[in-house]
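Beneath this line is the structure, given in structure tokens, with notes to follow.
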Amino acid sequence: MIDLSVDFGKFYLENPILTASGTYGYCDEFDAFLDVRNIGAIVTKGITLEERPGNEGKRLFETSSGLINRIGLENIGIEAFVNRKLARLRKLGINFILNIAGKTEEDYVQLAEISQREEIPAIEVNVSCPNVKAGCLEFGTDEKCLYDLVSRIREKYKGFLIIKLTPNVTNIEDLALAVQNAGADCISAINTVKGLGVELNFSGTKVVKSLVQGGLSGKCIKPVALSMVKRIKEVANLPVIGLGGISNLNDMLEFFTVGAEAIQIGTENFTNPSIAVNLAKELAEFIVKQGFRDLKHLKEELRK
Ligand SMILES: Cc1cc2nc3c(=O)[nH]c(=O)nc-3n(C[C@H](O)[C@H](O)[C@H](O)COP(=O)(O)O)c2cc1C
């Protein structure tokens, strides 16, 4: 048995491969077909205080090497999650992280309190949401708003606190430092990149247009994600979970090289639902074949 573990102190992973929020539901769709206990951890679909129906109209737009989504945080709400999903996740015996999102600071604080009450071991905070009260475009794009938000969550939640950063900013370094100074345990990066899909259908001289504005994910965003992880690691002294366009072993190794301790698989789950389970096996085989002692040794060599 090769040691693939990642020990964050407050939170332990058997292996460094996680599934990203919004691409693995609450695990219901997968556990009948796959041994999901072989996944390092599953990050749930983003949960808000109240149930949300999400956006109307076209929600997904495929590009040549990625996907644009405007799901609009459709989810069942925290109480339904606690009543219907939490016990099942615990019974399955899988490691999971609750992804939370809110419109106001109070939303996030309440979600943090409920997470603490329910003894949820780790939460990932999606900060790419509008801050109505403070008038911020998004919490995650303003370092002061982000610092205040994370500090308030930290007061209420004592478990492993991950803040998920958006790449749609000029200085990711300032935001990473705000997260660190506010007392978070870890950063995950990146969320989706703002994008626009344009579909044109011609009937003679008549054009029918469909514009889909949303978050771009998948293979095409990997270089952006790698750059963001590297820049965060250059300034912040927090562990980073890297994600964005990972679809194979080599992609994962690239993220380890720039300092990620663990990775998440997102869009690739849609075309290859068993990728997270298979990658753990592939990583162990690679470590043996190349003659590394364990995952820690591989990471050390990649970062020399
Ligand atoms: C359909 C879809 C839904 C998503 N929903 C969420 C969400 O609810 N919360 C969140 O933090 N990120 C969400 N994301 C972003 C992903 O978790 C991930 O950060 C992003 O897709 C980049 O990774 P990837 O290129 O591997 O997909 C979603 C992404 C997709 C494609």
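Start at 1 and go down the list; that is how both ligands and their atoms are numbered. The shown structure was predicted, so the numbers you read here are calculated from the model rather than taken from an experiment.
Using a 4.0 Å cut-off between charged nitrogen and carboxylate oxygen, Asp251 and Lys219 do not count as a salt-bridge pair. Under a 4.0 Å N-O distance rule, the pair Asp148/Lys144 qualifies as a salt bridge. Remark: Lys45 does not engage Glu51 in a salt bridge, criterion side-chain N to carboxylate O under 4.0 Å.
Remark: ligand 1 atoms within the under-4.0 Å shell around heavy atoms of Ile190 are 19 (O), 22 (C). Per-residue contacts place Asn126 under 4.0 angstrom from the following atoms of ligand 1 (heavy atoms of the residue considered): 9 (N), 10 (C), 11 (O). Heavy-atom contacts of Gly22 reach the following atoms of ligand 1: 1 (C), 2 (C), 3 (C), 4 (C), 5 (N), 6 (C) (cutoff under 4.0 Å). Counting the atoms of ligand 1 from 1 in the order shown, those under 4.0 Å from a heavy atom of Gly218 are 24 (P), 25 (O), 27 (O). Applying the 4.0 Å criterion to heavy atoms of Lys45 picks out, from ligand 1, the atoms 5 (N), 6 (C), 7 (C), 8 (O). Close approach of ligand 1 to Leu73 is summarised as follows: ligand atoms under 4.0 Å from at least one heavy atom of the residue are 8 (O). Less than 4.0 angstrom separates some heavy atom of Gly245 from each of these atoms of ligand 1: 24 (P), 25 (O), 26 (O). Short contacts between ligand 1 and Ile221, defined as distances under 4.0 Å to a heavy atom of the residue, involve ligand atoms 22 (C), 25 (O).
Shortest contact from atom 15 (C) of ligand 1 to any protein heavy atom: Asn191 OD1, 3.4 Å. Among all non-hydrogen protein atoms, the one lying nearest atom 20 (C) of ligand 1 is Thr192 CG2, 3.8 Å. Looking from atom 21 (O) of ligand 1 to the surrounding protein, the closest heavy atom is Ser217 CB, 3.2 Å. Of the protein's heavy atoms, Ser21 OG, 3.3 Å lies nearest to atom 7 (C) of ligand 1. Nearest protein heavy-atom neighbour of atom 29 (C) of ligand 1: Asn69 ND2, 3.6 Å. Closest to atom 18 (C) of ligand 1 among all protein heavy atoms lies Leu243 CD1, 3.5 Å.
The N/O atoms of Leu60, backbone and side chain alike, include none that comes under 3.5 Å of an N/O atom in ligand 1. Taking distance alone, with nitrogen or oxygen atoms compared against 3.5 Å, Glu124 stays at or beyond that limit from ligand 1. Between Gly266 and ligand 1, at least one pair of N/O atoms sits closer than 3.5 Å. The shortest N or O to N or O distance between Thr267 and ligand 1 is under 3.5 Å. Of the N or O atoms in Gly46, one or more lie within a sub-3.5 Å distance of an N or O in ligand 1. Residue contacts with ligand 1: Gln264 is placed with no nitrogen or oxygen under 3.5 Å of a nitrogen or oxygen of the ligand (distance criterion only).
In summary, the side chains of Thr104 and Asp107 do present a donor paired with an acceptor at a separation below 3.5 Å, with no hydrogens or angles considered. In this structure, a donor-acceptor pair under 3.5 Å is absent between the side chains of Glu301 and Gln290. Side-chain atoms of Ser5 and Asp7 include no donor-acceptor pair closer than 3.5 Å.
For CD of Glu62, the number of neighbouring non-hydrogen atoms (other residues, nucleotides, ligands) closer than 6.0 Å is 12 at most. Environment of CZ in Arg117: crowded, with over 12 heavy atoms of neighbouring residues, nucleotides or ligands closer than 6.0 Å. Atom NZ of Lys230 has 12 or fewer heavy atoms from other residues, nucleotides or ligands within 6.0 Å.
Each of Ile287, Asp294, Asn15, Leu295 was evaluated against Asp3; a single residue qualifies, Asp294, per the side chain to side chain contact (heavy atoms under 4.5 Å, CB included) test. When each of Lys85, Arg88, Arg37 is checked for a salt bridge (charged side-chain N to carboxylate O under 4.0 Å, His left out) with Asp31, only Arg88 meets the rule.
Ring-plane geometry between Phe11 and Phe160 is classed as parallel, the angle between the planes falling under 30 degrees on a 0 to 90 degree scale with a further cut at 60.
Using a 4.0 Å cut-off between heavy atoms, Lys164 contacts ligand 1 through its side chain alone, with no backbone atom that close.
Between Leu283 and Pro16, the closest side-chain pair of non-hydrogen atoms falls below 4.5 Å.
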